[in-house]
*Asks:* 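Just passing along the structure, written as structure tokens.
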Amino acid sequence: MTQASASTSSPRAADRPSDGLSGETLCKWLYDMQLIREFETRTMQAYQQAKIGGFCHIYSGQEACAVGTIKSVEDDDPIVLAYRDHGHALARGLSPRACMAEMYGKLAGCAKGKGGSMHMFDKPHWLFGGHGIVGAQTPLGAGLAFAARYEWEVLGKGKKKVSLCYLGDGAIDQGAFHEALNLVSLFSIPVIYIIENNGYSMGTAIERHTANHDDLISRGKSYGIKSIEIDGFDVLNVYDQFKPFADECRDLQRPGFVDLKTYRYMGHSMSDPQKYRTKDEVETWKEKDSIAALASCLLTPESEGGRGCLSEDDWKSMRKEIAEIVRDAVQFAEDAPAPEVGAELYSDVYINPMPQLSPMGEYTHGEKNPLL
Amino acid sequence: MPQLTLVQAINTALAQEMERDDRVLILGEDVGPNGGVFRVTEGLQDKFGKDRVVDTPLDESGIMGSAIGLAIGGMRPIPEIQFEGFLGPAYDQLVNHAARMRTRTRSAITVPMTVRVPVGGGIHAPELHSDSPEAIYTHSPGLKVVMPCTPYDAKGLLLSAIRDPDPVIFFEPKRVYRSYREEVPDEDYTIPIGEAKVVSEGDDITVVTWGAPVFQCLGALDNLPEDVSVELIDLRSIYPLDVDTIVESVKKTGRCVVVHEAPKTAGMGAEISALIQENCFLYLEAPVQRCAGFDTIMPYYKLELEYLPETPRIQNAIEECLAY
């Protein structure tokens with residue numbers, strides 16, 4: 001975490017985009033990261049209490065990735081996610097209430113409880129899922145970015161945008177990803193594939209799941225895509241490296257590939273026995289926790305190389321406020337009404353409901369013979 | 001009014017809709033200068049440019065996935081998949097993304113995409129180039145599946161499909177592409193998705209079919225004795241299915257033969273038979289017959305006409321059903 005606590009007076013300092021960020025902005029980032037951490041902790045509890053159904057993938061440990069990259073782009077740049085998506089959704093501005101209610105399968109969720117943990121969509125925030133098939137979201141990211149470029153270039157509307165498409169290191173082995181890389185390079189589509197490389201494809205370590213594992217960016221380069229590696233455990237470093245990279249992709253309307261190195265503290269999913277790694281390994285990573293590091297940087301006075309924009313009291317009350325917000329989100333999800341069978345089970349399949357869809361429909365039970 | 005083939009009618013509809021709506025764009029393998037494997041998009045790149053008629057790499061999953069991305073990004077993409085068998089690599093994108101996006105987002109995000117796919121046998125092609133997978137995609141809620149067999153219907157249904165807010169698979173029977181012409185109006189008109197067409201009215205027996213077999217059925221009707229009155233229904237849309245038209249007809253005739261190219265087991269004929277017994281049980285004079293492809297892989301061309309429901313086999317099924 002040396003970069004995070006580097007002195008502003010160092011010779012390189014003036015070149016770093018994060019040095020231009022206000023204390024207020026940095027505190028907001030710390031807030032967002034802590035919100036994700038707290039949210040995920042409560043999510044695990046709710047899952048263990050069987051309040052959340054299905055499968056659940058916890059983001060804890062990777063907060064700097066979502067916050068550092070999402071804060072580097074505009075609010076209306078489209079984002080596509082894999083299934084470990086709560087953190088990005090919150091960083092993008094989805095309300096904790098709507099996010100938690102979605103996992104509870106309640107009407108008040110961001111998709112009225114029809115998507116669940118793996119499918120966080122929020123159109124007003126340009127958040128296009130949440131996708132459960134590993135790697136299959138990557139051509140979608142290509143298409144979304146294609147649409148944005150088409151709108152700006154062909155229709156003469158909108159503005160230059162860059163889309164972000166997230167995937168894990170496990171997804172780089174999927175065929176669809178390679179098709180997507182080829183397409184976006186060939187057509188110069190402004191999408192950045194962000195590999196949140198946490199070192200594991202579910203329970204299989206990277207050296208056992210992918211060839212040339214210590215040089216992932218060679219995948220991007222081999223398709224002629226500008227590719228960089230970023231230490232994703234340090235949010236300021238993520239911003240410093242990703243912001244100019246994303247700006248360039250937007251400006252030149254071309255794709256990018258980022259190997260964003262990170263680590264997840266929890267299992268692949270809530271039901272992961274984690275036999276593939278040791279507790280010591282996890283603890284070693286936790287020692288350089290991204291939230292603790294950022295907090296330390298903001299708490300340390302400028303004279304000592306920090307940013308000095310946060311007091312111990314502020315940090316304490318920030319955590320308290322976040323804990324309260326997340327508690328409120330859980331309570332909100334608990335209290336929210338469940339979807340009504342009649343209204344919700346048969347709707348949202350097509351624009352118009354189809355009579356055959358409903359067991360109450362006209363055809364399923366057959367008609368009585370009028371002659372009898 | 002011009003006499004057009006199926007290929008020409010589809011080409012005309014694409015051009016007219018691209019003229020009308022600049023969000024419409026075509027993407028597929030060799031759809032540009034070559035005009036696609038069956039020349040359906042011929043001349044469109046010259047007219048609308050490379051940004052709107054996009055030659056893609058040979059990557060069906062990439063084509064379908066990026067078309068879905070375009071659709072959720074506000075465009076009206078029309079991906080072309082060269083042959084129905086090549087939907088296989090794109091299946092994941094179609095069924096796991098396109099079909100489910102509306103439900104997943106509670107209609108906040110939809111996929112207004114029309115997937116054009118040549119379908120069916122009869123052109124001396126091998127399997128993967130002669131299959132009929134319409135039941136597979138009908139079994140995925142969220143997709144609409146249409147298969148017009150006449151130039152007039154193709155134009156009207158294609159315009160409906162492109163304007164539909166949900167994903168539509170638009171199957172084009174290859175066997176009919178250039179084998180039949182009819183008058184197709186120049187003007188803009190639509191045929192609603194989900195409406196079958198009664199090709200000929202009759203009282204003795206109902207024949208339900210779609211795609212190229214419509215023409216084989218017409219041949220069978222010509223061979224039947226003059227006093228046999230057959231009601232021939234061309235579904236045109238496989239899903240949503242026009243249950244009303246089928247039920248109304250079978251209640252009148254009491255007999256039904258379903259004809260399709262796809263393998264018999266778990267084909268659309270099974271679904272239609274089930275709907276008929278649910279809705280017309282006490283009107284039936286005979287069991288519903290299915291005259292279909294066999295439960296085998298589509299054979300190479302020497303055996304192709306043995307596999308497909310050709311006129312003699314259809315005629316036989318009708319006669320058996322009538323004699324029951």
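Values below: every heavy atom of this structure, side chains too, minus hydrogens, waters and symmetry copies. Naming convention: chains lettered A, B, ... in sequence-line order (proteins, then strands); numbering from 1 in each chain.
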*Asks:* Can you tell which part of B:E60 gets under 4.5 Å to a heavy atom of chain A, answering side chain, backbone, both or neither?
*Replies:*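 Looking at B:E60, just its backbone touches chain A.
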*Asks:* Measuring from atom CD1 of B:I26 to atom CD1 of B:I162, what distance do you get when rounded to the nearest 0.5 angstrom?
*Replies:*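 The CD1 atom of B:I26 sits 7.5 Å away from the CD1 atom of B:I162.
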*Asks:* Report yes or no: do A:T210 and A:D173 form a side-chain donor-acceptor pair below 3.5 Å?
*Replies:*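 Indeed, the side chains of A:T210 and A:D173 share at least one donor-acceptor pair under 3.5 Å.
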*Asks:* Scan B:I81, B:I169, B:T41 and name whichever one has a side-chain contact (heavy atoms from CB on, under 4.5 Å) with B:R116.
*Replies:*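 Of all the options given, the one that passes is B:T41.
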*Asks:* Just give me the residue among A:G130, A:G115, A:A136, A:A142 that pairs up with chain B most often, heavy atom to heavy atom, under 4.5 Å.
*Replies:*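 Greatest number of close heavy-atom pairs with chain B: A:A136.
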*Asks:* Under 4.5 Å, counting heavy-atom pairs only, tell me which of A:D122, A:L186, A:L140 racks up the most with chain B.
*Replies:*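 Maximum pair count with chain B is reached by A:L140.
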*Asks:* B:D22 versus chain A, heavy atoms under 4.5 Å apart: side chain, backbone, both or neither?
*Replies:*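 Its backbone and side chain both get close to chain A.
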*Asks:* Report which part of A:F187 has an atom under 4.5 Å of a heavy atom belonging to chain B: side chain, backbone, both, or neither.
*Replies:*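 Only the side chain of A:F187 comes within 4.5 Å of chain B.
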*Asks:* Considering only heavy atoms, which portion of B:N96 lies under 4.5 Å from any heavy atom of chain A: side chain, backbone, both, or neither?
*Replies:*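 Just the side chain, heavy atoms under 4.5 Å.
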*Asks:* What part of A:A180 is in contact with chain B, defined as an atom under 4.5 angstrom from a non-hydrogen atom: side chain, backbone, both or neither?
*Replies:*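 Nothing of A:A180, per the 4.5 Å heavy-atom cut-off to chain B.
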*Asks:* Classify the angle between the aromatic ring planes of A:H131 and A:F121 as parallel (below 30°), tilted (30 to 60°) or perpendicular (above 60°).
*Replies:*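 Plane angle over 60°, so perpendicular.
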*Asks:* Given heavy-atom pairs under 4.5 angstrom as the criterion, report whether the side chain, backbone, both or neither of B:M64 touches chain A.
*Replies:*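 Neither part.
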*Asks:* Describe, in one word, how the ring planes of B:Y137 and B:F171 are oriented to each other, choosing from parallel (under 30°), tilted (30 to 60°) and perpendicular (over 60°).
*Replies:*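 Geometry flag for B:F171 against B:Y137: tilted rings.
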*Asks:* Heavy atoms only, distances under 4.5 angstrom: which of B:G73, B:P77, B:A67, B:S66 has the most pairs with chain A? Name it, please.
*Replies:*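 The option with the most such pairs is B:S66.
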*Asks:* Tell me, for A:A148 versus chain B, whether the close heavy atoms (under 4.5 Å) come from the side chain, the backbone, both or neither.
*Replies:*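 It is neither, since no heavy atom gets under 4.5 Å.
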*Asks:* Is B:K197 close enough and on-axis enough to B:W210, meaning under 6.0 Å and within 45°, for cation-pi?
*Replies:*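 Ring-cation test returns no.
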*Asks:* Rounded at 0.5 Å granularity, tell me how far CZ in A:R219 sits from NE2 in A:H178.
*Replies:*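 One finds 5.0 Å between CZ of A:R219 and NE2 of A:H178.
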